[in-house]
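Worksheet: one structure, shown below.
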Amino acid sequence: METNSTGFASGPHRRNDPYTMGGHEEVQKHSKSKSCGICGDEVGRKDDGEVFVACHHCGFPVCQPCYEYERTEGNQSCPQCNTRYKRHKGCPRVAGDEEDSREGDDFEDELQIKGQQPTGNHHALNHSENGDQTRQWQPNVVAFSSFAGSVAGKDLEGEKDVESNGEWKERVEKWKARQEKRGLVSKEDGPGDDHDAEDDILMAEARQPLWRKVPFPSSKINPYRIVIIFRLVVLVFFFRFRITTPAMDAYPLWLVSIICEIWFALSWILDQFPKWFPINRETYLDRLSMRFEREGEPNRLSHVDVFVSTVDPLKEPPIITANTVLSILAIDYPVDKVSCYVSDDGASMLLFDTLSETAEFARRWVPFCKKHSVEPRAPEFYFSEKIDYLKDKVQPTFVKERRAMKREYEEFKVRINALVAKALKKPEEGWVMQDGTPWPGNNTRDHPGMIQVYLGSQGALDVEGKELPRLVYVSREKRPGYQHHKKAGAMNALVRVSAVLTNAPFMLNLDCDHYINNSKAIREAMCFLMDPQLGKKLCYVQFPQRFDGIDPNDRYANRNVVFFDINMKGLDGIQGPVYVGTGCVFNRQALYGYDPPVSQKRPKMTCDCLPSWCCCCCGTRPKKSKSKKGERGMFGGFLSMNKKKKMMSYSKRGSGPVFDLEEIEEGLEGYDELEKSSLMSQKNFEKRFGQSPVFITSTLMEDGGLPQGTNPASLIKEAIHVISCGYEEKTEWGKEIGWIYGSVTEDILTGFKMHCRGWKSVYCVPKRAAFKGSAPINLSDRLHQVLRWALGSVEIFLSRHCPLWYGYGGKLKWLERFAYTNTIVYPFTSIPLLAYCTIPAVCLLTGKFIIPTLNNFNSAWFLALFVSIIATSVLELRWSGVSIQDLWRNEQFWVIGGVSAHLFAVFQGLLKVLAGVDTNFTVTAKAADDAEFGDLYLFKWTTLLIPPTTLIIINMVGVAAGVADAVNNSYKSWGPLFGKLFFAFWVISHFCSLSLTALAFVSLGCFSFRRSLPYQESLLWCSKSSLMAAGRAIHHFLRRRFQSQCSAPPIVSTFTAKQDQDGFGSAGLKSLRALALLGAGVSGLLSFAGIASADEAEHGLACPNYPWPHEGILSSYDHSSIRRGHQVYQQVCASCHSMSLISYRDLVGVAYTEEETKAMAAEIEVVDGPNDEGEMYTRPGKLSDRFPQPYSNEQAARFANGGAYPPDLSLITKARHNGQNYVFALLTGYRDPPAGVSIREGLHYNPYFPGGAIAMPKMLNDGVLEYEDETPATEAQMGKDVVTFLSWAAEPEMEERKLMGFKWIFVLSLALLQAAYYRRLKWSIFKSRKLVVDVVN
């Protein structure tokens, strides 16, 4: 393998210094030369040397080309004060100019548009590199400039993408026609002027906004807002009625319901009103390219550092992480401007080796992707797509190259799987690197920091000789006794390492399982972050999360469509969406704790007709602004001062650069004492950012890049220093800088802090999903994921950063505060929700209700509330485009998660904050197998399922009790019953997905109870025992109640007692039978759970149920799999295990032909005899012979295997509990023993084997054999094949039995039809005939 790693070398990442204000005294004499607020270029001067002023009303800086373009193509008004532009001398005349302002001496200048040369290089269009000058907008302006990226005003002629040459020529002709109409271009211009016209149009196109708002139509959003107000009014009158009319006969229930309903109303307000201003945004990637990637000029797109975080490569499969890294390396962005940093918080050599293999494979994968423009650029997902991959592909070599690349990727997967198999067997002395040195991360909790750079400017090139993006492996230092802060600490370490090595101004954060699905995703973000007006105020651009591998019904709302397509769009119209942990492009300056640039307020209107001290005419005199103490924070003043003065100077000392903080203060000489005091001293720098001069220097470079004179050697040493475990001590990391500590949901806390400082965020939803990832699709894993999120919200609620009381002195908008408040109080909704879901069952069992008898007027409030809830949902679906199924699934899981995960999170959060009891979370396992929706129906019992299961049971029992009570009483009892039944069915309907899943598992008998620690086993046993006791108590309660109301004898256990003469078959007793049957079913269900738990102790860890293809009613064996399985048995298993009941002739027609079987049998020697002489002899085997025995007797087998006797495999899938599932789990379930479990020498740990210690070593490893049909011999594939072979050996007649069964079914069906016909037409005449007996006197 070629070496892909290289030392730490940094390319030329420093860009040109931005234009800064106040650096030229000569300019300050003439109205302060500024940067154009539209394109970012210098405003320039007129012919007489004066600074060009476009608007004499407010003085908003606009260069002359932008001024002329706005007058000819825009709305002819100033973008700040909205005042119509007046015509300047020498500028073209447009319609609407005042006739009296026309001067005769400049008429000829109007025809010289091609001869006008703007002052300064306006073709460079440095749109985002304009220092701290940002465009100012007045909040009450109605009409806006067409250059404003945030306004959907008058569309420009060239707003749409160029689709073809014909369309482009048509646009050119239209532009020339408009110019001719205005008299600016003569028809006699030669054809050589076409090129100039195209350049002018390109320049105009590039000056247009990079994005625009797309507000929702008023016909959709206004009715939605009206219904919200209507619902709010109805709620007021509804609560007035509910509070003033208590239910005295059920006062405690009424009081509880009132408290719950008030809480629900407050939660609805917090959730609803942040969705008042939903918007969409649209980007223009072609304009971004025209502006920053002009042909013949250096590429001026900003640098981007991409962060990928991972913890445990065994739970987060390396092949998934490798695909994410490959999608980053192949992204459609300049390779010298992208760097990928992979954080390994587990210090795993497996991930280190995986990145080495990934870097090597990227040398072929990246040029293939860019040559053929494939999407997505993660190979696993690209090759698995079921689409026409030849669509839009015109190169004739594509098919050949695709096949070759797919073959290379399969080989790459085999190498990665081999690394995983090797990692499962850790040597006692620890891992050793290729050079013989021990791996530094052998102790994952005590190891030094590690950094390795692959690819990049000084690394290996791709197969075409081109440079690849830099790939960096980072594992921060960990030592006992230090707080490492989990993911937040790892992300902050990546921020510091990237600042030292590359220092890109923007950073993309991804989880290890979130690959880039849209290769232009970073360009989409750059349309916002490099915008001259909005970009400087943005802290991040958030993309929605999209997922692969989720079932189409999305049973447990894994896609979170309602949140990402409704709530986030609503927040985008306020101050921006919340940060959701992945798929987010950050502004590095925002993470450093800086405040956003302060907009220069427009001076108030004053009158110059009176002395300056008079302010009573037309306005007031502007007052001098007084800066409050500490208003801009510790760094706010220094940042703005840094932009105004180039004070940083570094010099080389000796052979390498040495940076010292004293040099920063030396650069302050020449400034007065007031300015000096506003700058940070050396101690303040170190207290805020840590003791790293190189890193502190990088924080002062707003546009990124590395300081001059750096070399790789010094950067390596400094990068190791900034990831040391003690670097953050006595600094503001995790408090004010970087990812904020104090919660497991550090994403919410980090985004909240930035919004409190006044930063804005943007929600970008491209047509093709930017990123895709995996999500847990079975209920148990999903609930644990929600539990973690809810616990983080509870931690924030109980901390000083709670939105209810934090940040009121900042710039957080009120509706944004409502949204953040909703994100941290929603777990507490679980308490009223649990009580509210219990009330229907209590009402049905006690015969009481929380609502008194209603009259027509009061019932109108209930009807209005019900209609307003439906109307709000319908109109919300209408403007958002979310389907009703997604909304209903979200509502269902909100109830399921609310009474389970959220409830546990509240108590765990209180224990953690008040009692100091911390909760350790395991990493969510990422799916890496090929089984689509393989874990959807994998039911794993968890304590979180106790509350929802209990609610289902008591509500179903309550419904049955209520109906039985109404049947026993008069018809008048049915009226009050309907309200209670509606209430109960509302609860049951929200749990229907959980109910169907549980019933499916009961019918299949495949509960799988998982445990990892001994105390969890006891907890499960206690919870299930409690449930069974509750079921029995309900059963006895119903029995006593109905026995007192009926005169019938007690119900016998068989439920088949004959009817007595006193009316045992009455309706009341039928209901009693149904209730008893329901109680018995519930008890049986819970008893089955207890039996399953006992079986687990007897048979080892319960193995999953795998979808074997031959288990269906119409399914048969996979005969190719049987043949491969026999090969596995013959080469791996036959050396120890016998199959004494199988003969070679059984294989004929099943896996081999007769000739192949005869040749196979002839390879063995069989002892036969006696012959005519009475002696035994050996002969070649034949078809009638059975498989050979590996040992002559049992004693020899035990002696050879250390006392263990290998069982015969002929009927192994029938002889073991759970059969083929157990055998497969046993073969593939070997792993290292957990902490605290010791295995004696000669045994191996396998949790699926009873006792956990098995004498048989792990036999199936990737590549242990080669299949004849060239199927990849992975561990799972070999396990599946050999189990299929053993299943056939145990039931070789299964296919014939199924076929015979269908034959009999067909014959009996015909017989049934014949019998029915005969009965209907033949015997019916005997049954219907009337016999008349004529009695003869």
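Along the sequence shown, residues carry numbers from 1.
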Ionic contact status for [Y] with [X], cut-off 4.0 Å:
| X | Y | result |
| --- | --- | --- |
| Glu1156 | Arg1123 | yes |
| Glu1194 | Arg1198 | yes |
| Glu1165 | Arg1179 | no |
| Asp1269 | Arg1124 | yes |
| Glu411 | Arg407 | no |
| Glu1291 | Lys1214 | yes |

- prompt: Yes or no on side chain to side chain donor-acceptor pair (under 3.5 Å) for His1110 and Gln1220, after CA distance, side-chain angles and deciding distance?
  reply: CA-CA 11 Å; His1110 54 268; Gln1220 50 196 1; 3.0 Å; yes
Write down the atom of [X], the atom of [Y], and the distance for their closest heavy-atom approach.
| X | Y | answer |
| --- | --- | --- |
| Thr444 | Gly346 | CG2-O, 3.2 Å |
| Ala1197 | Pro1206 | CB-CD, 4.1 Å |
| Ala1255 | His1244 | O-CD2, 3.5 Å |
| Tyr382 | Pro376 | CB-O, 3.4 Å |
| Met1259 | Val1132 | CB-CG1, 3.8 Å |
| Ala1290 | Thr1213 | CB-OG1, 3.3 Å |

Steps toward ring pair (Phe, Tyr, Trp, His ring centres under 6.0 Å) verdict (Trp365, Tyr409): CA-CA 9 Å; Trp365 172 251; Tyr409 177 65; 7.3 Å; no
[X] versus [Y]: any side-chain heavy-atom pair under 4.5 Å?
| X | Y | value |
| --- | --- | --- |
| Ser774 | Asp548 | no |
| Asn558 | Arg782 | yes |
| Asp345 | Thr310 | no |
| Val325 | Val342 | yes |
| His1137 | Met1256 | yes |
| Lys1298 | Glu1293 | no |
| Ile319 | Lys413 | yes |
| Leu1183 | Lys1158 | yes |

task: Output every pair passing salt bridge (Lys or Arg N to Asp or Glu O under 4.0 Å) with a member in residues 1104-1120, not counting sequence neighbours, ordered by first then second residue.
output: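 Sorted result for residues 1104-1120: Asp1118-Lys1280.
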Quick one: pull up [atom1] in [X] and [atom2] in [Y] and give me the separation to the nearest 0.5 Å.
| X | Y | atom1 | atom2 | answer |
| --- | --- | --- | --- | --- |
| Asn1246 | Leu1227 | CG | CG | 8.5 Å |
| Glu357 | Phe352 | CD | CZ | 12.0 Å |
| Met349 | Ser356 | CE | OG | 9.0 Å |
| Asn323 | Thr358 | CG | OG1 | 8.5 Å |
| Ile416 | Leu350 | CD1 | CG | 8.0 Å |
| Leu355 | Gln452 | CG | CD | 10.0 Å |

With a cut-off of 6.0 Å (strictly less than), are more than 12 heavy atoms of other residues, nucleotides or ligands near [atom1] of [X]?
| X | atom1 | result |
| --- | --- | --- |
| Phe383 | CZ | yes |
| Gln434 | CD | no |
| Lys422 | NZ | no |

So does [Y] get a backbone contact from the side chain of [X], meaning a donor-acceptor N/O pair under 3.5 Å?
| X | Y | result |
| --- | --- | --- |
| Asn1193 | Ala1196 | yes |
| Asn442 | Gly430 | no |
| Thr1271 | Tyr1267 | no |
| Asp511 | Asp513 | no |
| Tyr1117 | Ser1287 | yes |
| Asn443 | His447 | no |
| Asp1262 | Glu1275 | yes |
| Asn1201 | Gly1203 | no |
| Asp1185 | Lys1182 | yes |
| Asp344 | Ser348 | yes |

- prompt: Which residue, Arg363, Arg402, Arg415, Arg364, forms the salt bridge (charged side-chain N to carboxylate O under 4.0 Å, His left out) with Glu408?
  reply: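 For Glu408, the salt bridge (charged side-chain N to carboxylate O under 4.0 Å, His left out) test succeeds with only one of Arg363, Arg402, Arg415, Arg364, which is Arg364.
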Residues [X] and [Y]: side-chain donor-acceptor under 3.5 angstrom:
| X | Y | result |
| --- | --- | --- |
| Gln1277 | Asp1281 | yes |
| Asn1221 | Trp1108 | yes |
| His1119 | Glu1295 | yes |

task: For the pair Ile1164 and Phe1187, evaluate side chain to side chain contact (heavy atoms under 4.5 Å, CB included) and give the outcome as yes or no after the intermediate values.
output: CA-CA 9 Å; Ile1164 66 172; Phe1187 285 2; over 6 Å; no
query: Going through the checks in order, is the side chain to side chain contact (heavy atoms under 4.5 Å, CB included) test met by Tyr1129 and Leu1209?
result: CA-CA 10 Å; Tyr1129 166 76; Leu1209 301 183; 4.1 Å; yes
task: Would you please indicate if the ring centroids of Tyr454 and Tyr473 are separated by under 6.0 Å?
output: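 That pair fails the under 6.0 Å test.
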- request: Apply ring pair (Phe, Tyr, Trp, His ring centres under 6.0 Å) to Tyr1152 and list each qualifying residue two or more places apart in sequence or on a separate chain.
  value: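 Here the qualifying residues are His1126.
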- prompt: Under the side chain to side chain contact (heavy atoms under 4.5 Å, CB included) criterion, do Leu1147 and Phe1285 qualify, and how do the steps go?
  reply: CA-CA 10 Å; Leu1147 298 174; Phe1285 169 71; 4.2 Å; yes
query: Run the side chain to side chain contact (heavy atoms under 4.5 Å, CB included) check on Phe1249 and Tyr1222 step by step: do they pass?
result: CA-CA 9 Å; Phe1249 187 76; Tyr1222 165 75; 3.5 Å; yes
